[in-house]
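There's a structure below that I have some questions on.
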Amino acid sequence: MSKRIDVSDLNVYYSKFRAVEDVNIKIDAKSVTAFIGPSGCGKSTFLRTLNRMHEVIPGATVEGKVLLDGDNLYDAGVDPVTVRSQIGMVFQRPNPFPTMSIRDNVLAGVKLNARRIGKSDADDLVESSLRGANLWNEVKDRLDKPGSGLSGGQQQRLCIARTIAVKPQVILMDEPCSALDPISTLAIEDLINEMKNDYTVVIVTHNMQQAARVSDKTAFFNIAGTGKPGKLIEFDETATIFNNPSVKATEDYVSGRFG
Amino acid sequence: MSTTTLTPTPTPTRRNRLSKGRLPRWAIPAVGLAALILGAAGSTLGGFSVASFLIYAALLFVVGATLATTAVEGRRQGTNSFFKYLVVGAFLLALIPLVSVLYTVLERGLPGMTSDFLFHSMNGMTGAVDNETVAAGTPVLGGAYHAVVGTLLITLCSTVISVPVGMLAAIYLVEYGQGKMLSRGITFFVDVMTGIPSIVAGLFAAALFGLMFGPSTRMGIVAAVALSVLMIPTVVRSTEEMLKIVPNELREASYALGVRKWRTITKVVIPTAISGIASGVTLAIARVIGETAPILVTAGLANSINFNVFSNWMATLPTFIYYQILNPTSPTNIDPSAQRAWAAALLLIIMVMVLNLGARLIARIFSPKTGR
């Protein structure tokens, strides 16, 4: 239950402005890939193109190919809704649906799509998803309470549970820990380590220690200056990127000598 | 290594340098009392009246309290309390008309709130009947039942027409039409329509149905269409504002789960905004329920009960009030008609109040849950 992603010659535009230029990257199945780089270098933008979420922003367009196990996401006739049900996404700020209970939040992907599901199946799905997100023990007694009553870290894990409940092939995470305290961050990082057994995980992070802790491979993005497009500078094993990078800019960035 | 010896700092009883003079607690009430007494004295000079007494007392209090505070606590505090009393004064001033309207309507309307008034129409009520009841001193006969029925039916019809249209238009504006020419056009015309006089809406509906069913077609549905013309812009506006404040993150979260746009709107966006939408719709209803002019030119006026909005003339509470005051049933004895009019006014206010309470209830039920 996981697929690989191959990106070739990808350019992302916001109207006329080219935000990301010529990205080529191969993301292995059942691995954790981290995107690092300074703010505004296009890593979040690029991440969103991997499940066509950038289309939500008016004017955003893409050139190039993104192959999910060989199938191009951007072929004519591909429904973005299908893409997104295979490639889930967790956002920077925890965003459980405020009108729904914890249980309904987990089932949101099923219920919102009007798929019928029996009560016992639903119970099983809720339990397995919450267990998968390491949240079951904390919330099993209050599944009917609103999801917005949880702490920030719990909300974020609820969002992860909601994402894995639709059984995606790939999970994209856009700075999932930047709004959380160190303990919740640790919980999520442990979770990411477990998740790579089942899913392909791509994570954008500003925290280089986090990238070093959780990822197998790391991609460094950079930008030549304001108004210039972001580029993929280097992509390699995480250990190589942090200890022995081949590009000077990468070394400067990971050692904190940037700018 | 130097040893620090802790000598206890001498604590002479000196004034805290951070503190300033403060008015004693009794000072402001005392100024108030003095203002009341002086105000009473001042207004008696030129012939006592409650209004002049209150005005004098309020002015004296604001000036006195400000001066006292300035003298003891300094200029900044003085200015602060001056504006505080001004704000409170403005608030009380705004309350006066509200309370006075409620009081007058209750005082004059309550005597007319009989079961006869609530459950009978004006059918067969002629000036002779009113003259008789006045002469005999018996309770006033005849009531506003037909008008209540008309008000409810016409308002219901216009709500049924305008809520779907208005909500869907707002959904288009917020979710589909961002930045497009069409949506900018709609927004502009909605703004224009919010300002059109209600009689124009009435004339429009009358003319529209006149074209279709012949001139001077008067029935409930024509009035409902006229009221919808007034309601739709309000519904669009309030729904639009509510949909706009739904965080984009929720939409993205839903899309990221592979949910289609339309289901995202119906299952995530609207439930999140429903409480605001409900109160917006209620305000729109409250706005049109009291309309008189467009009803007169579209539904005419009836004295008997009519449950069918698709045929014959209909009365509503505002038109009932209008005619009872302007054309009393008995031109020689206008008191029964005046009593009916006030009772109808009270009924109208109660209906609007119930609507508002209903909206709050809906908002409470649908609002996003909090708590652990």
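Each chain gets a letter, A, B and so on, in the order the sequences are listed, and its residues count up from 1.
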* Give a yes or no on this: more than 12 heavy atoms of other residues, nucleotides or ligands lie within 6.0 Å of atom OH of Y176(B). =>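 Yes, enclosed.
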
* Measuring heavy-atom distances to chain B, does I87(A) have an atom under 4.5 Å in its side chain, in its backbone, in both, or in neither? ->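 Contact with chain B involves the backbone of I87(A) alone.
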
* Asked: Given the options Q86(A), M89(A), R48(A), R52(A), which has more heavy-atom pairs under 4.5 Å with chain B than any of the others?
  ->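 Of the candidates given, the most pairs with chain B belong to R48(A).
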
* OH of Y14(A): more than 12 outside heavy atoms within 6.0 angstrom? ->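 Atom OH in Y14(A) is packed in, count exceeds 12.
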
* Asked: Side chain, backbone, both or neither: which part of T264(B) has a heavy atom under 4.5 Å from chain A?
  ->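 Contact with chain A involves no heavy atom of T264(B) at all.
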
* Is the count of non-hydrogen atoms from other residues, nucleotides or ligands lying under 6.0 Å from M212(B) atom CE greater than 12? ->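 Counting neighbours around CE of M212(B), more than 12 heavy atoms of other residues, nucleotides or ligands fall under 6.0 Å, so yes.
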
* Contact part of P96(A) toward chain B, heavy-atom cut-off under 4.5 Å: side chain, backbone, both or neither? -> backbone

* Any side-chain heavy-atom pair from L257(B) and S85(A) closer than 4.5 angstrom? ->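 No, too far: nothing below the 4.5 Å cut-off.
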
* Minimum heavy-atom separation for V259(B) to N113(A), with atom names? ->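 Reported closest heavy-atom pair: CA-OD1, 3.4 Å.
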
* More than 12 heavy atoms of other residues, nucleotides or ligands under 6.0 Å from CD1 of I183(A): is that the case? ->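 Atom CD1 in I183(A) is not packed in, count stays at 12 or less.
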
* To do: Evaluate whether atom NZ of K65(A) has more than 12 neighbouring non-hydrogen atoms of other residues, nucleotides or ligands under 6.0 angstrom away.
  =>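 Open: at most 12 neighbouring heavy atoms sit under 6.0 Å from NZ of K65(A).
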
* **Shortest non-hydrogen separation from L250(B) to F97(A) and the atoms involved** => O-CE2, 3.5 Å

* To do: Measure across Y255(B) and R84(A) and return the closest heavy-atom pair with its distance rounded to 0.1 Å.
  => O-CD, 3.1 Å

* So with a 6.0 Å cut-off around CZ of F83(B), is the heavy-atom count from everything else above 12? -> no

* Test: E252(B) and R93(A) ion pair at under 4.0 Å -> no

* Asked: Side-chain contact, heavy-atom cut-off 4.5 Å: L112(A) with V268(B)?
  ->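 Yes, side chains in contact.
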
* Residues, nucleotides or ligands: over 12 heavy atoms within 6.0 Å of K267(B) NZ ->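 Result for NZ/K267(B): open.
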
* Asked: What are the two closest heavy atoms between N95(A) and E249(B), and how far apart are they?
  -> ND2-O, 3.1 Å

* Which region of V81(A), side chain (C-beta onward) or backbone (N, CA, C, O), has a non-hydrogen atom less than 4.5 Å from a non-hydrogen atom of chain B, or is it both or neither? -> both

* **Residues R260(B) and D79(A) bridged, charged N to O under 4.0 Å** =>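 Salt bridge present between R260(B) and D79(A).
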
* To do: Select, from A253(B), P247(B), S254(B), the one with the greatest count of heavy-atom pairs under 4.5 Å involving chain A.
  =>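 Highest number of pairs under 4.5 Å: A253(B).
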
